[in-house]
Amino acid sequence: MHKLIVLRHGESQWNHENKFCGWIDIPLSAKGEREAQHAGELLKKYNIKPDVMFTSMLQRSIKTGNIILEVIGRMWIPQHKSWRLNERHYGSFQGRDKTEVFKEFGKEKYQFYRRNYDGVPPATGSVNNDDSIDERYKFSDIPVEQLPQGESLRMTMKRVVPYVEDIVKHEILEQEREVLIVTHGSIVRSLIKHFCKVSDEAISKINAPTGVPLVFELDERGRLAKEMYYLDEELAKKGIEKVAMEGHAKL
């Protein structure tokens with residue numbers, strides 16, 4: 001049995017302020033740093049010792065991962081960063097207050113943009129209008145002008161799943177390493193959909209809590225061998241409920 005450990009970063013400052021983050025590089029809040037610490041303690045409690053870590057290009061993911069590795073005493077393991085593990089690009093919603101967007105578009109349209117598998121927020125227009133795409137993407141594996149300007153979950157999965165499948169095949173199955181991926185809510189949802197074969201409709205009801213490690217146990221073919229589980233199910237449940245209601249306001 002092989003383990004793939006995935007978690008959404010700890011709470012960011014804009015999670016705390018109820019804003020869409022997307023690709024904007026927002027730091028962890030004080031609570032987010034505590035959540036990362038607790039995530040590391042959970043890995044230690046269950047004797048999970050990752051051999052390699054993958055993160056996005058955004059500091060809330062990187063900092064969460066580094067805190068975890070410090071807690072478990074494994075700061076020496078190899079680390080890899082990729083834009084393909086970045087949060088879903090929220091287009092022109094990035095930086096906006098979620099409640100304001102909710103009031104502007106109404107509950108049904110807000111939920112469509114936020115959680116529907118094919119919901120694409122209004123795009124930024126071009127890379128030149130997008131402050132979230134900066135020098136860190138200069139040497140990406142695709143031209144900068146082809147980077148996302150607004151994504152649905154379906155579009156996000158097209159960049160995420162092949163990348164993670166390569167990680168599973170090479171690092172987990174061929175090298176027999178235990179892999180930790182520290183990423184973002186939409187990426188966690190993408191991997192849940194992929195490994196657990198969740199329908200397009202059902203994925204709209206699935207949310208990812210901040211800072212709680214999720215374990216996928218995989219067989220020799222890289223397929224899910226048993227039901228996924230959080231290392232702290234009660235904490236995950238509370239976090240999921242909180243995320244589900246972000247931005248909702250009485251109209």
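All heavy atoms count here, side chains included; hydrogens, waters and symmetry mates do not. This one's a predicted model, so the numbers in the text were calculated from it and none came from an experiment. Along the sequence shown, the residues carry numbers beginning at 1.
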Please determine if Arg34 and Glu11 form a salt bridge, counting it only when a charged side-chain N lies under 4.0 Å from a carboxylate O.
no

Quick check on the 6.0 Å ring-centre criterion: do Phe20 and Tyr90 meet it?
yes

Using side-chain contact (heavy atoms from CB on, under 4.5 Å) as the criterion, list what pairs up with Met75, not counting sequence neighbours.
Leu69, Glu70

Please determine if Glu178 and Lys3 form a salt bridge, counting it only when a charged side-chain N lies under 4.0 Å from a carboxylate O.
no

So the ring-ring contact (aromatic ring centres under 6.0 Å, His included) pairs with at least one residue in residues 118-175 (sequence neighbours excluded) are Trp23-Tyr137

For Ile26, does its backbone N or O pair with a side-chain atom of Ser12 as donor and acceptor, under 3.5 Å?
no

Can Arg60 and Glu87 be counted as an ion pair, charged N to O under 4.0 angstrom?
no

Can a cation-pi geometry be assigned to Lys19 and Phe93, taking NZ or CZ under 6.0 Å from the six-membered ring centre and within 45° of the ring axis?
no

Checking side-chain contact (heavy atoms from CB on, under 4.5 Å) between Thr183 and each of Val164, Leu58, Val188, which is the one that passes?
Val188

Quick one: side-chain hydrogen bond (donor to acceptor under 3.5 Å, both in side chains) partners of Lys81, sequence neighbours excluded?
none

Do you know the tightest heavy-atom contact between Asp97 and Glu17?
OD2-O, 3.8 Å

Under the side-chain hydrogen bond (donor to acceptor under 3.5 Å, both in side chains) test, which residues partner Thr124, sequence neighbours left out?
Gln149

What verdict does the salt bridge (charged side-chain N to carboxylate O under 4.0 Å, His left out) test give for Glu151 and Arg88, after you've listed the backbone C-alpha separation in whole Å, the side-chain angles of each residue and the deciding distance to 0.1 Å?
CA-CA 6 Å; Glu151 295 176 294; Arg88 171 186 166 202; over 6 Å; no

On the ring face of Phe102, is Lys98 found with NZ or CZ under 6.0 Å from the centre and within 45° of the axis?
no

Can you find a side-chain donor-acceptor pair between Asn207 and Arg115 that sits under 3.5 Å?
yes

Joint cluster assignment, Met157 & Leu224, ILVMFWY side-chain distance < 4.5 Å
yes

Can a side-chain donor-acceptor contact be found between Glu35 and His9 if the only test is distance below 3.5 angstrom?
no

Can you sort out the partners of Asp51 under side-chain hydrogen bond (donor to acceptor under 3.5 Å, both in side chains), two or more places apart, ordered by chain and number?
Arg74

Are the charged groups of Arg96 and Glu104 less than 4.0 angstrom apart, N to O?
yes

Contacts of Asp219 meeting side-chain hydrogen bond (donor to acceptor under 3.5 Å, both in side chains) (sequence neighbours excluded), chain-then-number -> none

Straight-line distance of Asn86 CG to Ser186 OG, nearest 0.5 Å:
11.0 Å

